[in-house]
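Chain A is the first sequence line, chain B the second, and so forth, proteins listed ahead of strands; every chain is numbered from 1.
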Amino acid sequence: MAFVDDLGAALDKTPGGGIILTSLDAVMDWSRGKSLWMMPMGTACCAMELIAASFSRFDFDRHGSIPRPDPRHCDVMVVAGTITRKMAPAVKRLYEQMPDPKWVIAMGNCAVSGGIFYYDTYSVIRGVDEFLPVDVYISGCPPRPEALQDAILRLREQVATDSIVPGRDRQLNTILPTPGSPRKGDSAAADGDDS
Amino acid sequence: MTEQTIVNIGPSHPSTHGVCRVIVTLDGETVVHAEPVIGHLHRGIEKMAENRTYLQVVPLTDRLDYVGSMYANWAYCRSVERLAGIRVPERAEYIRVIVCELQRIASHMMGIGSTGADTGATSAFMYTFAQRDHVVELFEALCGARLTYNYVRPGGVSMDLPDGWVEQCRAFTAQHPPVMMEIDRLLFGNVIARARLKGVGVLTPEDAVGWGTSGPVARGSGVDWDLRRDDPYSVYPRFDFQIPLGEIGDCYDRARVRLWECVESCKIINQALDQIEPGSVHAEGLPRLLAPRPGDAYDHIESARGSLGVYLVSDGSPRPYRMKVRSPAFCNLAVLPLLAEGHTLSDLIVIIGSLDPVFGEVDR
């Protein structure tokens, strides 16, 4: 969206441009918030609830959130399930393939903090926020589809506050945990608070 | 023979039913070799079990086969009961049979739905998932969870059937077989689905046995092997049910075996609901901290994917010395290179779907 970025920056500098900018922001945020296409990064149990959410009973299409398998079509990555060290590079790469602006929902305890696999295991990454910027966390093992629904609506609230002016670029924590490197929570003062 | 290309599918691909990566060598569009790469969901559950008490392992087994959590619960609990010599009350056995047959329906709904989705009919998923949601609701009434139940415990089940549950369950088993007939007509009677499924990925009975497959994959090839009948456990000998078998072992047979198993499961549930009697649902006088005598035990049950076994070694401490899961999904996935060879790339997707692997169980 280079054109929109340039336009936003230009309007920001123009005297009186702020009025147009805010109106433009409102239109952009409205349209972005109402069509948050999901990249279903379902790896484990939570993927079942993610599938259930898309089908007849819960029907996420009505929120404008449809799952698209291609990252290039998507706005929000829903990380549903345990992310292991073997899987993490693939998740990161898929995130990088998504066009800006993009958001991440960490669905389920495994994606939030490692959940039940926090202790005593050698292969699980303790929360997807170790390498992706997460916008909304959903707790639960697995969370109900209603919780995912709530997360989409919360994300929409957050999208409504965004501006098209560049500067909201979030820094990606590009350092992937490698085998042997200390994991989050391995220190003596293990704080379980991820946010 | 043209120049071969190598195509990488996965690990995040909607058609691989999880986090399987398949390295496919293609000659034009024809698959020369398909090599599944597993381990993307390896969470070390077997190792984790060595640091948990026997009761604390049960929630871990939920996360093995997350489409059919009750099975792993039950297989593990049977091993523990064998190891510690626990007698399970009869009512608990009946409840276990009921929930596991319901679980078979829920799991097969996923398998049949994905067969439809793989052949281009996403609407099949809508029908099957509506049925699955009914089962999940029953489970939620039973134990409060939709997916990870932690319901079957060593010595019985965690709680008795709630009020009105039996009626709800009967209502489900009454409406389920007609829906299956409808899906049979809509999906398996469909010309496109038949053309995509018939004759694709034929597994001969010899290969099915030789590669150690079990469950609907083996039965789709006509291998008449079902632990519920051939190595009867729990109260299964008291029920009258058929084992559906396929004829030639293609994707069509495997998918249809799943469909008919759902109908048979409804029969078993109805008989169990008729026979079940009031009583205790948990063995009396069990210590909170089980510490079986040193020794080992193996027990297996027929899960929705096949023969699911758990091997436990005890060193006399309250924690298992070793837990090994004999995973049917892992063994069934092993035949993928065999089946995919010579088929087109689009058929490979159907073949993966017809094996119905769950990667929580493949990778453990």
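One distance of note links NZ of A:Lys86 with NE2 of B:His40; it measures 5.0 Å at 0.5 Å rounding. Rounding to the nearest 0.5 Å gives a distance of 10.0 Å between CE of A:Met48 and CZ of B:Arg146. In this structure, the separation between CD1 on A:Ile51 and CE on B:Met110 is 3.5 Å, given to the nearest 0.5 Å. Rounding to the nearest 0.5 Å places CG of B:Asp62 at 7.5 Å from CD1 of A:Ile116. Between the CZ atom of B:Arg63 and the CZ atom of A:Phe117 there is a distance of 6.5 Å, given to the nearest 0.5 Å. To the nearest 0.5 angstrom, A:Ser54 atom OG is 8.0 Å from B:Met126 atom CE.
Counting heavy atoms from C-beta outward, A:Arg85 and B:His42 have side chains that stay 4.5 Å or more apart. Proximity of A:Phe55 to B:Thr128: side-chain heavy atoms (C-beta onward) are nowhere separated by under 4.5 Å. Looking at heavy atoms from C-beta onward, A:Tyr122 lies in side-chain contact with B:Lys47 at the 4.5 angstrom threshold.
If you measure heavy-atom distances from B:Glu140 to chain A, the contacts under 4.5 Å come from the side chain alone. Contact annotation for B:Glu46: neither backbone nor side-chain heavy atoms come within less than 4.5 Å of a heavy atom of chain A.
Distance alone, capped at 3.5 Å, places no donor-acceptor pair between the A:Thr43 side chain and the B:Val19 backbone.
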Test log, rule side chain to side chain donor-acceptor pair (under 3.5 Å), inputs A:Thr121 and B:Arg43: CA-CA 7 Å; A:Thr121 184; B:Arg43 299 177 281 196; over 6 Å; no

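Enclosure of atom CZ in A:Phe60 by more than 12 non-hydrogen atoms of other residues, nucleotides or ligands within 6.0 angstrom is indicated.
Heavy-atom pairs under 4.5 Å with chain B peak, among A:Ala47, A:Cys110, A:Ala90, A:Ala52, at A:Ala52.
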